[in-house]
Protein chains: 4
Amino acid sequence: MGIYERQEREKTIIAAAENIFFNHGFRNAKMDDVAKQAGMSKGLVYFYFQNKDDLYMAITLKAFEMIIANYQSILENNKHKTGKEKVFLIVKTYLEFSNEHYHYHEAIFNYMATVRAELNLKADSLFQSDINESMYYQKIKQIHNLPVSLVVGAIKDGMKDGSIKNSHNPQMIYVTLWALITGFVKLNITMGNQNETIYHVNVHDWKTYIFELTEKILSETI
Amino acid sequence: MGIYERQEREKTIIAAAENIFFNHGFRNAKMDDVAKQAGMSKGLVYFYFQNKDDLYMAITLKAFEMIIANYQSILENNKHKTGKEKVFLIVKTYLEFSNEHYHYHEAIFNYMATVRAELNLKADSLFQSDINESMYYQKIKQIHNLPVSLVVGAIKDGMKDGSIKNSHNPQMIYVTLWALITGFVKLNITMGNQNETIYHVNVHDWKTYIFELTEKILSETI
Amino acid sequence: MGIYERQEREKTIIAAAENIFFNHGFRNAKMDDVAKQAGMSKGLVYFYFQNKDDLYMAITLKAFEMIIANYQSILENNKHKTGKEKVFLIVKTYLEFSNEHYHYHEAIFNYMATVRAELNLKADSLFQSDINESMYYQKIKQIHNLPVSLVVGAIKDGMKDGSIKNSHNPQMIYVTLWALITGFVKLNITMGNQNETIYHVNVHDWKTYIFELTEKILSETI
Amino acid sequence: MGIYERQEREKTIIAAAENIFFNHGFRNAKMDDVAKQAGMSKGLVYFYFQNKDDLYMAITLKAFEMIIANYQSILENNKHKTGKEKVFLIVKTYLEFSNEHYHYHEAIFNYMATVRAELNLKADSLFQSDINESMYYQKIKQIHNLPVSLVVGAIKDGMKDGSIKNSHNPQMIYVTLWALITGFVKLNITMGNQNETIYHVNVHDWKTYIFELTEKILSETI
DNA sequence: GATGAATGAGAATTCATTCAT
DNA sequence: GATGAATGAATTCTCATTCAT
């Protein structure tokens with residue numbers, strides 16, 4: 001079995017795990033079900049992934065990689081556009097992505113919480129999480145700052161080319177936009193389906209409004 | 001044992017559970033630890049609360065009650081102020097509250113996810129499907145729309161008295177502000193301690209900026 | 001449940017575990033069977049003992065305690081006797097003990113191998129045994145030199161009172177006697193039942209001969 | 001592949017297995033590791049050896065064969081020497097052999113325990129009950145008495161030629177010497193490295209003393 | 001002859017929950 | 001009212017062995 005088939009298998013398992021983890025919640029998900037869903041034996045799942053957490057980290061890595069690939073392709077295909085346009089496209093993309101693949105969005109937040117927990121626990125003593133042994137966790141650590149730097153880079157571009165007029169520092173702009181989008185996604189997902197209405201708010205209209213806000217934040221008309 | 005002692009016991013248990021659930025995560029938290037932290041036997045904890053989920057719902061109910069009490073007291077004590085001022089105070093209060101008591105904020109989100117899961121007949125909630133048997137869950141259901149209506153009410157006041165100039169509908173304004181605040185709190189909590197720096201952003205400055213944005217959203221200068 | 005009942009339970013479990021571990025071998029022994037044998041649920045076994053290894057260490061501790069108690073009572077009850085007589089009685093006792101409770105003898109040897117393995121592994125890196133978390137293991141560490149010092153003490157007594165004439169140092173005498181007895185027990189157990197014949201050697205006669213040798217080693221007629 | 005290459009393969013596997021089994025313990029040793037150590041696939045290991053037990057039995061057979069070859073060569077090369085000298089050389093050889101290749105010594109003991117377990121219909125052997133299907137096990141059965149008879153033969157020689165004066169029957173002498181050596185080796189291995197000190201006993205001195213004892217036992221000066 | 005992916009029967013362990021005292 | 005010992009279903013993870021390629 002070549003490297004190709006191996007990767008296919010991994011993909012199959014990851015897809016099955018996403019399905020199970022997302023529909024049942026990580027806690028209620030059984031490795032048995034993941035295996036069944038993937039159409040293989042439990043042992044084989046463990047052959048490819050160290051344990052349940054490792055598998056979850058593989059999903060998380062995939063999420064990061066997808067986001068990064070998205071951002072990179074946007075930046076690549078829009079070199080001629082203004083910084084503001086690039087940032088706007090990225091924001092839009094992240095929103096679409098998170099809305100469509102909400103569990104990736106959650107996975108990324110869970111990852112961040114894990115990193116933070118680890119830092120806290122290092123001081124704390126006792127508790128020792130084994131997550132460090134996950135190769136996927138290690139890989140994520142190496143790339144987890146890329147999305148930030150890509151977006152901050154685009155914001156800086158916008159400041160140079162004059163398209164972004166907001167005078168706050170680029171990082172703060174990034175983080176603010178992210179808060180807005182993130183909050184939107186969370187509420188949107190937590191409270192209902194895309195095509196419905198949240199507290200009598202039409203979701204489509206709301207999204208439009210969020211984009212307007214983004215636009216204005218970048219233009220410093222706010 | 002009178003009703004008073006009984007309530008004191010419940011408070012003790014809830015306080016212990018908050019501590020344990022938040023520091024270990026609901027999933028990893030053990031009822032044994034809750035009981036130990038509360039300084040009583042596991043049996044007694046089960047005497048006061050049906051089960052682990054029920055206990056979590058008691059915390060959630062407390063969170064809702066605190067938020068509602070906060071909002072009501074703000075509205076009560078600032079009747080003479082403009083709608084915009086009232087909304088601003090509520091936003092500010094919610095942000096402080098969530099930042100300080102992050103677990104209440106999370107509890108509320110978990111609750112919302114559970115309600116949605118129930119509607120969708122999905123299993124991806126933190127809780128078991130028999131959560132409906134929890135008295136606390138039932139109680140929350142009766143009040144869970146109050147925070148929204150209180151804030152939306154204040155926004156309407158502001159529209160009437162001319163202090164809020166944003167022409168979008170009140171619900172959308174509410175939901176947008178909530179997204180912004182929610183995103184801020186989440187990032188803030190997930191990524192570091194309050195007094196530190198997130199991606200080279202000074203947290204205090206950021207918070208100031210978030211308030212500015214809130215102000216501008218309400219003023220429709222955005 | 002008082003401390004007494006608790007200890008009774010522990011004894012019940014240990015007895016069941018001895019039975020299962022010894023008859024099936026540690027490896028093939030199932031915690032399920034131990035619980036069944038002890039007439040209780042698996043969970044309760046784990047309530048009293050951290051895990052399978054911990055339970056084995058509890059047995060080992062018991063073995064050490066029995067040996068030590070044996071030695072101490074011999075020394076206590078024979079203060080007036082010569083050192084040689086005391087040593088002889090101890091040797092005899094150990095042999096009877098090991099022959100009758102062979103698994104205690106094995107447990108003690110396994111313990112020594114574990115300690116040694118730990119020392120080796122400390123240098124080695126990687127491998128990290130969790131046995132250190134066993135309270136029973138820690139307790140054994142505190143007393144594991146007692147048997148040696150008791151016997152060496154008796155040998156020294158014998159040298160002083162002139163009953164032991166062997167001029168080698170007391171430790172070497174101890175270790176030599178222990179080798180002889182230990183070897184005898186091992187062969188005896190490994191190769192057959194007490195009442196039978198090993199390689200055409202009558203076991204009873206052989207034991208007599210072993211005692212003779214012990215006697216002569218102490219008398220330095222050898 | 002010719003018979004020669006086949007035997008080379010077997011030797012490679014056996015060598016790898018010895019390494020793994022001894023360093024990790026049979027129970028913890030994984031066939032995966034054996035294969036890796038042997039530089040071949042697991043499947044190939046299973047092509048040459050029925051199963052894990054069978055492989056262990058192959059090692060055990062090798063141990064027996066080495067011992068027997070040793071004994072035979074000693075007897076062969078020292079035909080002119082006295083029985084006592086021959087026995088002494090054998091004892092010395094066995095001690096060196098066991099000390100150096102402790103795992104062979106253990107393998108032999110495990111084998112004996114297995115035979116006994118089989119007779120008693122007990123399950124406390126290291127191996128499964130279907131060990132009888134191992135060809136190596138069957139082969140050992142055919143030769144396992146050879147070492148005894150060779151040594152007993154030499155003892156008889158010594159009795160005839162007057163070099164051995166001990167009046168006990170030859171088998172008992174054999175078995176006693178074996179107990180002494182066995183105990184020495186076990187303690188030596190269990191408690192430390194050869195060049196160190198056991199309970200303040202210099203190992204080299206101790207070995208010398210053990211040889212002296214052997215000498216005296218044979219001379220019936222004991 | 002080789003390979004190593006695949007299997008699956010097992011085993012250890014956990015913990016929410018109950019209930020005899 | 002309390003207690004905490006007792007339960008046992010549920011789940012993760014292991015590894016000897018097989019077999020398609």
Side-chain angles (χ1 to χ4, degrees), chain A residues 1-2 5-6 8-10 27-36 38-55 130, chain B residues 1-2 5-6 9 26-36 39-55 128, chain C residues 1-2 5-6 9-10 27-36 38-55 130, chain D residues 1-2 5-6 9 26-36 38-55 128:
Chain A
M1 178 176 270
E5 284 95 335
R6 189 180 266 268
E8 282 307 302
R9 282 275 190 234
E10 285 174 5
R27 187 202 183 169
N28 306 312
K30 292 163 217 158
M31 291 299 269
D32 250 326
D33 291 342
V34 170
K36 208 163 288 167
M40 62 185 67
S41 72
K42 219 187 331 177
L44 196 52
V45 173
Y46 277 95
F47 182 78
Y48 284 100
F49 299 93
Q50 288 176 51
N51 53 41
K52 205 179 169 185
D53 287 328
D54 189 45
L55 183 48
D130 297 338
Chain B
M1 180 173 271
E5 284 94 335
R6 193 182 267 267
R9 280 252 199 258
F26 182 74
R27 195 170 108 209
N28 306 312
K30 289 161 211 162
M31 289 301 269
D32 251 324
D33 292 341
V34 171
K36 206 165 287 167
M40 64 186 72
S41 75
K42 228 186 322 176
L44 201 49
V45 171
Y46 274 91
F47 180 78
Y48 285 101
F49 299 93
Q50 287 175 52
N51 52 42
K52 202 181 170 185
D53 289 347
D54 188 46
L55 182 49
Q128 310 279 7
Chain C
M1 178 176 270
E5 283 95 336
R6 189 181 265 271
R9 281 275 189 236
E10 285 174 5
R27 188 202 183 169
N28 306 313
K30 292 163 217 159
M31 290 300 267
D32 249 326
D33 291 342
V34 171
K36 210 163 286 169
M40 62 185 70
S41 72
K42 223 186 327 176
L44 196 53
V45 173
Y46 277 95
F47 183 77
Y48 284 101
F49 299 93
Q50 287 176 51
N51 53 41
K52 205 178 168 184
D53 287 330
D54 189 46
L55 183 49
D130 297 338
Chain D
M1 181 173 270
E5 284 93 336
R6 193 181 269 267
R9 280 252 198 259
F26 182 74
R27 194 169 108 208
N28 308 312
K30 287 161 213 161
M31 290 299 270
D32 251 322
D33 292 340
V34 171
K36 204 163 289 168
M40 65 186 68
S41 74
K42 229 185 323 177
L44 201 50
V45 172
Y46 274 92
F47 181 79
Y48 284 100
F49 299 92
Q50 287 174 53
N51 52 42
K52 201 179 169 186
D53 289 348
D54 188 47
L55 182 48
Q128 311 277 9

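Atoms considered below: every heavy atom in the structure, side chains included; atoms not considered: hydrogens, waters and symmetry mates. Keep in mind that this is a model prediction, so the values were computed, not measured. All chains are named by letter (A, B, ...) in the order of the sequence lines, taking the proteins before the strands, and each is independently numbered beginning at 1.
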Length of the CG-P vector between B/Asp32 and F/dT3, whole Å: 13 Å

Shortest side-chain distance from A/Tyr48, nucleotide among F/dC13, E/dT3, E/dA5: E/dA5

Any B/Arg9 side-chain N or O less than 4.0 Å from OP1/OP2 of F/dG1: no

Any A/Arg27 side-chain N or O less than 4.0 Å from OP1/OP2 of F/dT11: no

A/Met31 side-chain proximity, nearest of E/dG1, F/dA5, F/dT12: F/dT12

Separation of C/Lys42 NZ from C/Lys30 NZ (nearest 0.5 Å): 11.5 Å

Nearest-nucleotide comparison on DNA chain F, the residue closer to the 5′ end among C/Gly43 and D/Ala29: C/Gly43

From CG (A/Asp54) to NZ (A/Lys52), nearest 0.5 Å: 13.5 Å

Nearest-Å distance for atom pair CG/C1', residues C/Asn51 and E/dC15: 16 Å

Inter-residue atom distance C/Tyr48.OH - C/Arg6.CZ, 0.5 Å rounding: 5.5 Å

Integer-rounded Å distance: F/dA16 P and D/Leu55 CG: 11 Å

Pair B/Leu55-B/Phe26, side chain to side chain contact (heavy atoms under 4.5 Å, CB included): steps then yes or no: CA-CA 11 Å; B/Leu55 182 49; B/Phe26 182 74; over 6 Å; no

Side chain to side chain contact (heavy atoms under 4.5 Å, CB included) evaluation trace for D/Arg9 with D/Phe47: CA-CA 11 Å; D/Arg9 280 252 198 259; D/Phe47 181 79; over 6 Å; no

Nearest-angstrom distance from the residue atom OH of D/Tyr46 to C1' of E/dG4: 13 Å

Closest heavy-atom pair and its distance - D/Val45, D/Met31: CG1-CE, 4.0 Å

Distance-only donor-acceptor test, D/Lys42 side-chain atoms vs F/dT17 base atoms, 3.5 Å: yes

A/Leu44 side-chain proximity, nearest of E/dA12, E/dT7, F/dC15: E/dT7

Side-chain N or O of C/Arg6 closer than 4.0 Å to phosphate OP1/OP2 of F/dG4: no

Between E/dC15 (C1') and B/Asn28 (CG): distance, integer Å: 12 Å

Position toward the 5' end of DNA chain E (nearest nucleotide), C/Gln50 or B/Gln50: C/Gln50

Mate of E/dT14 where both pairing distances stay under 3.5 Å, Watson-Crick or G-U: F/dA9

Pairing partner (Watson-Crick or G-U wobble, both distances under 3.5 angstrom) of E/dA20: F/dT3

Spacing between C/Phe47 atom CZ and E/dA16 atom C1', to the nearest angstrom: 14 Å

D/Ser41 side chain, from C-beta outward: closest of F/dA16, E/dA2, F/dG8: E/dA2

Whole angstrom value for the distance that separates P of F/dC13 from NZ of D/Lys30: 15 Å

Complementary nucleotide for E/dA9 - Watson-Crick or wobble, under 3.5 Å: F/dT14

C/Glu5 CD - F/dT3 P separation (whole Å): 18 Å

